[in-house]
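As structure tokens, the structure follows; a few thoughts come after it.
Bear in mind the structure is a predicted one, so any value in this text is a computation, not a measurement.
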Amino acid sequence: MVARGFDAIQIGEVMAIIMAGRVVAPTLWGWLADLRGDARLTMVASAACTLLAFVSVPFLSTFAALAVAMALFSVGLSGVIPQFEAHTLNHLGVQAERYGQVRLWGSVGFIAAVTGSGALFDFLPVLYLPWIVSTLLLCMLIGTCLTPVSAPVAQDSPQASMLSVVLEPRVLALLLVCFLVQASFGPYYVFFSVFLAELGYSAASIGALWALAVAAEIVVFVYAGRLLRRYSLTNLFRVAVGLCILRWIVTAELAANPLVLFAAQLTHMATFGLYHLVAVTLIHRFFTGPLQVRGQGLYSSLSFGAGGVAGSVLSGYAWQQFGASMTYYLAAAIAAAAFLITLLFMRASRTATKGAGIVEKN
């Protein structure tokens, strides 16, 4: 956007529009998918919306037009992922613990995109970026059209309403924890690179630390099946959230030490990888039958959407008023509140595969 002549305020406003789309769109698409009972149509529609919005970017010259395009882009892209989450788990059925082996390819793609684009734009002007992204989005649309869609798993008991499921204490606790955990990531996603640059880290080192975190989450996705078969979902969730507290405290106090920061980045395998893995599995278990897509959409809206927005805004004010270290301590406090909720309102139990998917037993 800088290359197109937009100023910092306009860039910030566009980013806010994209984040706002992540709050609303996942739940909206989930509702449409479950209402129509036609998952293929809504999956293709959301992918097509994403592509059509982004491919228009090179032809837009005004800020207003770009803002509208990015709003549509966010609405489309934010709807693709939760729908795929639900249908991936449906396809896996009794092998739902293998979800991590599918999800790891998203992390692989992220690493490939970051490293590949860095090398590519050493030779190409950045104005080629919209065309490259549009090509990738076209591939996503084609993949969506080719993906077989399975029907929701049939339930033996009468289906509860969406509201009644959401209001269950265990579900409310899970959603609140997910909101808080993602809010605690605000300083990391917004200011981590800035923070490290201020501490004297080179651009190459900062990029390597980001890549290390994503590589760490790939490791946990590879071995996720063993973890889910052996340990309680709730206890795994507590480990992930508890490590968030430690990670942000270490970042606040010891980020200047490269070895300590290296170790802190490795905890991303739990603070994001394990956390996300358990969260989508629990959502799949709580929101059954025709509520599955809406459940995954609600999880995405409240965590990556609302939690992400709250964390970004709060970290911005905290960073300006109190500085880097206190901002990460605030993130640790938010994670501590989430951890307390897991202790008070989320009952630990063993996991096993039975029937159509992962269930918990005493």
Side-chain angles (χ1 to χ4, degrees), residues 14-60 64-92 99 102-103 105-106 109-110 113 129-153 159 161-162 165-166 276 280 283-284 287-306 308-309:
V14 168
M15 293 305 297
I17 290 171
I18 293 175
M19 294 176 71
R22 297 179 68 180
V23 177
V24 178
T27 301
L28 175 62
W29 284 110
W31 176 77
L32 288 173
D34 288 336
L35 180 67
R36 292 183 56 86
D38 187 353
R40 178 177 297 282
L41 178 61
T42 53
M43 289 170 64
V44 172
S46 55
C49 177
T50 307
L51 172 61
L52 292 175
F54 206 89
V55 78
S56 69
V57 169
F59 306 101
L60 304 178
L66 183 64
V68 171
M70 288 298 95
L72 292 174
F73 166 78
S74 180
V75 166
L77 187 61
S78 298
V80 174
I81 296 175
Q83 293 185 78
F84 265 101
E85 303 277 16
H87 295 297
T88 297
L89 288 163
N90 279 336
H91 277 294
L92 291 173
Y99 164 80
V102 179
R103 176 59 180 80
W105 292 103
F110 177 83
L129 177 63
W131 296 111
I132 295 171
V133 174
S134 296
T135 301
L136 295 174
L137 293 176
L138 175 61
C139 293
M140 182 183 75
L141 175 59
I142 294 171
T144 303
C145 294
L146 297 176
T147 300
V149 179
S150 62
V153 177
Q159 177 63 54
S161 69
M162 183 71 177
V165 175
V166 171
H276 179 64
V280 296
I283 290 292
H284 185 70
F287 294 86
T288 56
L291 301 181
Q292 288 174 347
V293 182
R294 268 179 283 180
Q296 296 295 344
L298 182 62
Y299 159 64
S300 184
S301 291
L302 291 179
S303 58
F304 302 108
V309 170

- In Å and rounded to the nearest 0.5 Å, what is the CG to OG distance from L291 to S161? 8.0 Å
- Message: Quick check for you: to the nearest 0.5 Å, what is the distance between L77 atom CG and C49 atom SG?
- Response: 9.5 Å
Is there a donor-acceptor contact under 3.5 Å from the side chain of [X] to the main chain of [Y]?
X    : Y    : value
T42  : W29  : no
S74  : A71  : no
Q296 : V280 : yes
S78  : V75  : no

- Who are the salt bridge (Lys or Arg N to Asp or Glu O under 4.0 Å) partners of R22, not counting sequence neighbours? none
Does the side chain of [X] reach to within under 4.5 Å of the side chain of [Y], using non-hydrogen atoms?
X    : Y    : answer
M140 : T50  : yes
Q292 : I283 : no
V44  : L141 : yes
M70  : F54  : yes
V133 : L137 : yes
L51  : F73  : no

So which heavy atom on [X] is nearest to which on [Y], and how close?
X    : Y   : value
A69  : L60 : CB-CD1, 3.6 Å
P26  : G21 : CD-O, 3.8 Å
G297 : T27 : O-OG1, 3.5 Å

- Quick one: do V309 and V23 satisfy side chain to side chain contact (heavy atoms under 4.5 Å, CB included)? Show the steps, please. CA-CA 8 Å; V309 170; V23 177; 4.0 Å; yes
- Please list, chain by chain and in numerical order, all residues satisfying ring pair (Phe, Tyr, Trp, His ring centres under 6.0 Å) with F304, sequence neighbours excluded.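 With neighbours one apart ignored, the set is H276, Y299.
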- Kindly determine whether W131 and V55 satisfy side chain to side chain contact (heavy atoms under 4.5 Å, CB included), including the steps that lead there. CA-CA 7 Å; W131 296 111; V55 78; 4.2 Å; yes
